Number of protein chains: 2
Amino acid sequence: MSRLYDTVLEMVVTYRFLPNQRINEVHLARKLNTSRTPVREVLNRLHAQGFLQLKKGSGFSCREFSPREIQELYQLRSIIESAAIRLACENATDAEVNQLQIFLQQTGPEPGDRSSQQLVELDQQFHEQLMVLARNEEMLKLLQNINARIRFFRWVDMDNKRSKTQVEHQQIVEALMQRDAAAAAALLEDHIHRRLDEIIHAVKAGNEIMNEQREQAS
Amino acid sequence: MSRLYDTVLEMVVTYRFLPNQRINEVHLARKLNTSRTPVREVLNRLHAQGFLQLKKGSGFSCREFSPREIQELYQLRSIIESAAIRLACENATDAEVNQLQIFLQQTGPEPGDRSSQQLVELDQQFHEQLMVLARNEEMLKLLQNINARIRFFRWVDMDNKRSKTQVEHQQIVEALMQRDAAAAAALLEDHIHRRLDEIIHAVKAGNEIMNEQREQAS
DNA sequence: GCGCTTATTACTGTATACAATATTCAGTAG
DNA sequence: CTACTGAATATTGTATACAGTAATAAGCGC
């Protein structure tokens with residue numbers, strides 16, 4: 001069941017289903033070599049977690065994100081990450097902070113030959129490691145939920161912006177090392193807001209970039 | 001379906017099911033005059049939203065909250081409510097703030113003859129109205145989810161503490177009126193942390209208070 | 001050809017059946 | 001009486017069937 005959940009979640013977050021178009025349970029079940037019942041169970045879970053919408057008589061469909069919704073999710077993400085790094089400045093051990101520094105160095109300043117998907121993954125690892133230092137499991141789960149829901153949009157310009165992203169990550173870790181909570185939080189918020197601006201800009205610019213990314217995901 | 005969801009959610013948050021004891025789907029379906037399938041669909045949703053745990057072969061059960069988990073949820077709640085009132089200081093109209101003041105006055109400083117359940121409901125309305133002023137739907141949904149999950153514990157000493165709660169609510173609204181974000185946030189955090197301390201204390205004191213509340217809910 | 005109505009087909013939401021697994025009960029030995 | 005084993009029963013997870021509804025196709029009139 002959890003494998004089925006992971007499979008369908010992956011399809012949802014990579015927008016294999018067109019927004020607002022009904023997910024055909026019969027077809028999906030056949031495609032996944034199972035019956036409708038476990039498929040519906042998974043779809044119900046994803047609906048409850050904010051990934052899908054459900055309309056009586058029309059079944060489940062992928063949600064279409066308005067710029068407003070994206071902005072709200074990013075704002076929420078900024079709030080919890082900002083709080084998390086403040087907690088991390090209090091709670092993290094020196095060893096943990098050094099480990100994060102090593103991770104940054106190992107993942108380099110340049111994208112190298114990594115795909116956008118890999119860069120998104122590395123970016124996520126960095127932010128989740130920060131969140132782990134806050135020692136609040138609920139906050140970590142929340143960040144993971146948000147990141148999954150906005151995953152499609154987090155691809156925007158990822159490879160072109162990797163150097164700047166890593167510079168900003170580095171500054172955040174340095175503030176964390178200095179246990180300067182205010183500076184760390186401000187840097188993190190700026191970092192997230194910059195990304196949000198880029199994404200909103202891309203979404204408003206139309207669907208061309210979005211279609212390219214969908215193809216890249218295939 | 002949404003009525004079924006509401007019914008089962010109510011049973012879950014009032015701990016009609018004992019923690020860690022399997023929820024019997026057949027019995028529950030019979031009790032609710034439906035078949036197992038929609039019951040399972042609801043249970044899957046509640047599981048996905050953090051209300052229930054699921055073990056293969058053993059089905060769904062109510063989670064048992066450790067003091068750690070309660071503390072984490074309250075910490076998260078404090079973070080988002082604190083951020084929300086900062087946003088409210090920027091975004092709320094004078095009319096909206098006045099409406100909140102009127103709500104406080106209409107719901108009085110004293111519990112009156114209200115039940116604990118009604119007091120919990122009024123407390124929740126106050127906090128949700130604050131959250132609405134932040135103009136972030138995701139944050140409101142998150143607060144509602146957290147409040148539902150900790151609902152059982154929010155009953156602790158509710159009637160005995162109503163006067164103090166309302167005084168604190170009033171101070172928060174006054175800071176909001178003054179558009180003093182720092183003061184409002186500090187007051188709100190203190191308010192939430194005081195409640196958390198009371199609840200953790202009660203939970204650690206044993207199960208007597210908890211059993212009384214379960215009986216009161218029946 | 002277009003628009004409307006009706007018939008047909010497909011799909012959703014739920015009920016029921018089935019297979020696998022977990023739990024409970026009964027019998028036996030020490 | 002206690003502990004262990006095997007059988008019987010109950011429950012879960014999934015497959016399939018059914019009824020109601022939504023979507024599509026076909027036919028007819030203008």
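Treat the numbers as computed from the prediction; the structure is a model and nothing was measured. All values below come from the heavy atoms of this structure, side chains included, with hydrogens, waters and symmetry mates left out. Throughout, protein chains are lettered first and strands after them, A, B, ... in sequence-line order, and every chain is numbered starting at 1.
For the pair B/R3 CZ and C/dG13 P, the interatomic distance rounds to 17 Å; values are reported in whole Å. Going from atom CG of A/L28 over to atom P of C/dA10 covers 19 Å, rounded to whole Å. B/N24 has its CG atom 18 Å from the P atom of D/dT9, to the nearest Å. With rounding to whole Å, A/N33 atom CG is found 10 Å from D/dA15 atom P. Across the protein-nucleic acid pair, A/R22 atom CZ and D/dA23 atom P stand 6 Å apart, rounded to whole Å. C/dC11 atom P lies 8 Å from atom CZ of A/R30, rounded to whole Å. Here the C1' atom of nucleotide D/dA15 and the CD atom of A/E25 are 14 Å apart, to the nearest Å. For the pair B/K55 NZ and D/dT12 C1', the interatomic distance rounds to 13 Å; values are reported in whole Å.
No hydrogens or angles considered: a donor-acceptor pair under 3.5 Å links the side chains of B/Q53 and B/N20. A donor-acceptor contact closer than 3.5 angstrom is absent between the side chains of B/Q21 and B/S61. The closest side-chain donor-acceptor pair between A/N44 and A/R40, if any, does not fall under 3.5 angstrom. In this model, no donor atom of one side chain and acceptor atom of the other lie less than 3.5 Å apart for A/R135 and A/N91. No side-chain donor from either of A/E198 and A/H201 sits under 3.5 Å from a side-chain acceptor of the other. Side-chain atoms of A/R154 and A/Q124 form a donor-acceptor pair, as typed in the model, at a separation below 3.5 Å. For the residue pair B/T93 / B/E96, a side-chain donor-acceptor distance below 3.5 Å is found, with atom types taken as modelled.
Set against C/dT23, D/dG13, D/dT11, the side chain of B/S58 has C/dT23 as its closest nucleotide. Minimum atom distance to the side chain of A/R36 is reached by C/dT12, of the listed C/dT12, C/dA17, D/dA15.
When each of A/G57 and A/P38 is assigned the nucleotide of DNA chain D bearing its nearest heavy atom, the one mapping closer to the 5' terminus is A/P38. In this structure, B/T37 and B/H27 both approach DNA chain D, and ranking their closest nucleotides by distance from the 5' end singles out B/H27.
Within the nucleic acid shown, A/I23 comes within 4.0 Å of sugar-phosphate atoms alone, with no base atom in reach, counting heavy atoms only.
For the segment residues 40-54 of chain A, residues with any heavy atom less than 4.0 angstrom from an atom of DNA chain C are, sorted by number, A/R40.
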